[in-house]
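Beneath this line is the structure, given in structure tokens, with notes to follow.
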Amino acid sequence: VSGPPPGVVVFASPDREKVFCASPSIALLPDGRYLVSHDLGGRHERAGHTLIHVSTDRGASWRLLAEVRDQKWSTLFRHRDALYLLGTARAGNLIIRRSTDDGRTWTDPTGSRQGLLAEGKFHCAPTPVVVHQGRIWRAFEQFAPTAPTREFRAFVVSAPEAADLLDATSWTRSSSLVHRREWLATRNAEWLEGNIVVAPDGSLRNILRVESHPAIGAPFALPGANSRMPRFEVAAALRVSADGRTVTFDPGRDYVHFIGSEAKFTIRYDERSRRYWSLGSKITNPHSGYAWLYTPHHQRNVLSLTSSADLRTWEERSRLLRFREGQVVTKAESRVGFQYVDWQFDGDDLVAVSRTAWNGLNYHDANFITFHRVRNFRALTPADAPPPLDR
């Protein structure tokens, strides 16, 4: 590829082979400013830092506002006149920071009353923070004791919405669950990067990305009650108890057909349309086969807008970014990806930030954070998809 990436560049890697861009999150302030956070990965002295950028012109231009050391995988959100970063430290502790000056300076999680919520090896992504029935909620995972084995234990945390969110005693942690290979006959037992969502009946779900590449020798079709779902479009919807202490999952009932389930996604509910919306990586070439190098799991070069009325039946409304959408993708050869997109409602539009690989080291190790506006998103149809970017 050549030329600048699609969208507005928020941050560009100074060295695509060493400095990777990750974990974008976006928040809208009451005065009209937009804030974007993201962390840096790779092999350099700033790895594991989070950068905060601000736009005063509705995303047309951006400038660096702050750099926060030892913070990653974090959701940027506003709550009761303060900003928060909720994620992990580089070593894996679960932490939260607060800013009372619109993101310029941040607290330091030095102890259990200053934002150190739990010590350990925790994992997450910039997924939604939701206020529901007087509590504030967020999904996390914990690595297995044999880390870095990726047997993620999914759980949720919650706190009274009026509590001091920097005080670890304010937070309740649920039970945790691991995914089993036999449930979907998969290569790996992975679910991760969960979204807390309020279901139509008022209960809570933790909807997780699922890696569904087939195990060696397994049929390409999913097993049992899930056989009618496309193998690479299945997410897991854990049920969360009202008190936030228990999560449960029934593999015969609680998988959902979800477009974009092979990479991190964000789900939000829109009061105006009374529908749930998401932006995710659409797999357009779901071929069978066991070779990990060629698995469709690696495809992140098509970004789709999807919607649902009930969290179970999802439809693709339109494709927003398209690059070589019909080709087999390999991690080693593909250098384009639009992934880990976070977004917010902004009137009739969606405003979004993407971890974008554009002639990057590979599709996964992105070299840009880009901003995108999806105009009149509720009215979009497949016919509104823009031309492919590889033309």
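- Across Trp277 and Arg378, no two heavy atoms sit closer than the pair CH2-CA, 3.9 Å.
- Judged by distance alone, with hydrogens and angles left aside, the side-chain atoms of Trp191 form a donor-acceptor pair with the main-chain N or O of Leu177 at under 3.5 Å.
- Residues Asp270 and Ser273 bring a donor and an acceptor atom of their side chains to less than 3.5 Å of each other.
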side-chain hydrogen bond (donor to acceptor under 3.5 Å, both in side chains) between Ser241 and Asp243, intermediate numbers included: CA-CA 5 Å; Ser241 64; Asp243 63 3; 2.6 Å; yes
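- A pairwise comparison of heavy atoms in Ser174 and Val247 identifies OG-CG1, 3.7 Å as the closest pair.
- Considering every non-hydrogen atom in both Phe122 and Leu94, the closest pair reads CD1-N, 3.7 Å.
- Heavy-atom contacts from other residues, nucleotides or ligands closer than 6.0 Å to CZ of Arg245 number 12 or fewer.
- Contact of the Leu305 side chain with the Phe377 side chain is registered, since non-hydrogen atoms from C-beta on lie closer than 4.5 Å.
- No side-chain donor from either of Arg231 and Ser212 sits under 3.5 Å from a side-chain acceptor of the other.
- Counting heavy-atom neighbours within 6.0 Å of Tyr294 OH, excluding the residue itself, gives a total of 12 or less.
- No side-chain heavy atom of Tyr34 sits less than 4.5 Å from a side-chain heavy atom of Gln344.
- Using modelled atom types and a 3.5 Å distance limit, the side chains of Thr370 and Thr356 yield a donor-acceptor pair.
- Between Ser203 and Asp201, the side chains place a donor N or O and an acceptor N or O closer than 3.5 Å (distance only, hydrogens not considered).
- In summary, the side chains of Gln142 and Arg173 do present a donor paired with an acceptor at a separation below 3.5 Å, with no hydrogens or angles considered.
- In the model, Asp342 has a side-chain atom that pairs as donor or acceptor with a side-chain atom of Ser25 under 3.5 Å.
- Hydrophobic clustering of Ile, Leu, Val, Met, Phe, Trp and Tyr side chains at less than 4.5 Å, counting indirect connections, unites Val130 with Val156.
- Gln299 and Asn301 share a donor-acceptor pair across their side chains, judged by distance under 3.5 Å alone.
- Remark: the Arg275 side chain and the Ser307 side chain contain an N/O donor-acceptor pair separated by less than 3.5 Å.
- In this structure, Trp292 has its ring center closer than 6.0 angstrom to the ring center of His213.
- A donor-acceptor contact closer than 3.5 angstrom is absent between the side chains of His79 and Tyr84.
- There is a side-chain donor-acceptor pair under 3.5 Å between Ser304 and Glu316.
- His38 and Ser23 are not linked by any side-chain donor-acceptor pair at a separation below 3.5 angstrom, with hydrogens and angles left out of the test.
- Comment: Glu262 does not engage Arg300 in a salt bridge, judged by the lack of any side-chain N to carboxylate O separation of less than 4.0 angstrom.
- For Trp358 and Tyr363, the distance between ring centers is not under 6.0 angstrom.
- Donor-acceptor pairing under 3.5 Å is recorded for the side chains of Asp167 and Thr169.
- A centroid separation of less than 6.0 Å is found between the aromatic rings of Phe143 and His123.
- A salt bridge is absent between Arg113 and Asp164; no separation between the charged side-chain nitrogens and carboxylate oxygens falls under 4.0 Å.
- Distance alone, capped at 3.5 Å, places no donor-acceptor pair between the Asp70 side chain and the Ala89 backbone.
- Using a 4.5 Å heavy-atom cutoff, the side chains of Leu40 and Leu51 are in contact.
- Between Ser318 and Asp384, the shortest heavy-atom distance links the atoms OG-C, 3.9 Å.
- For the pairing with Phe258, the ring-ring contact (aromatic ring centres under 6.0 Å, His included) check across Tyr276, Phe265, Phe232 returns one residue only, Phe265.
- A donor atom on one side chain and an acceptor atom on the other are not found under 3.5 Å apart for Thr248 and Asp250.
- Checking Asp57 against Ser55 by side-chain atom types alone, a donor-acceptor pair falls below 3.5 Å.
- Counting only heavy atoms from C-beta outward, the side chains of Phe152 and His179 never approach each other to under 4.5 Å.
- For the residue pair Arg97/Ser99, the side-chain donor-acceptor check at 3.5 Å is not satisfied.
- Relative to the six-membered ring of Phe140, Arg138 meets both conditions, a distance below 6.0 Å and an angle of at most 45° to the axis.
- A cation-pi contact, defined as under 6.0 Å to the ring centre and within 45° of the axis, links Arg268 to Trp343.
- Ala66 and Gly103 get closest at one heavy-atom pair: CB-O, 3.4 Å.
- Around CZ of Arg69, the count of heavy atoms belonging to other residues, nucleotides or ligands within 6.0 Å does not exceed 12.
- Counting heavy-atom neighbours within 6.0 Å of Arg104 CZ, excluding the residue itself, gives a total above 12.
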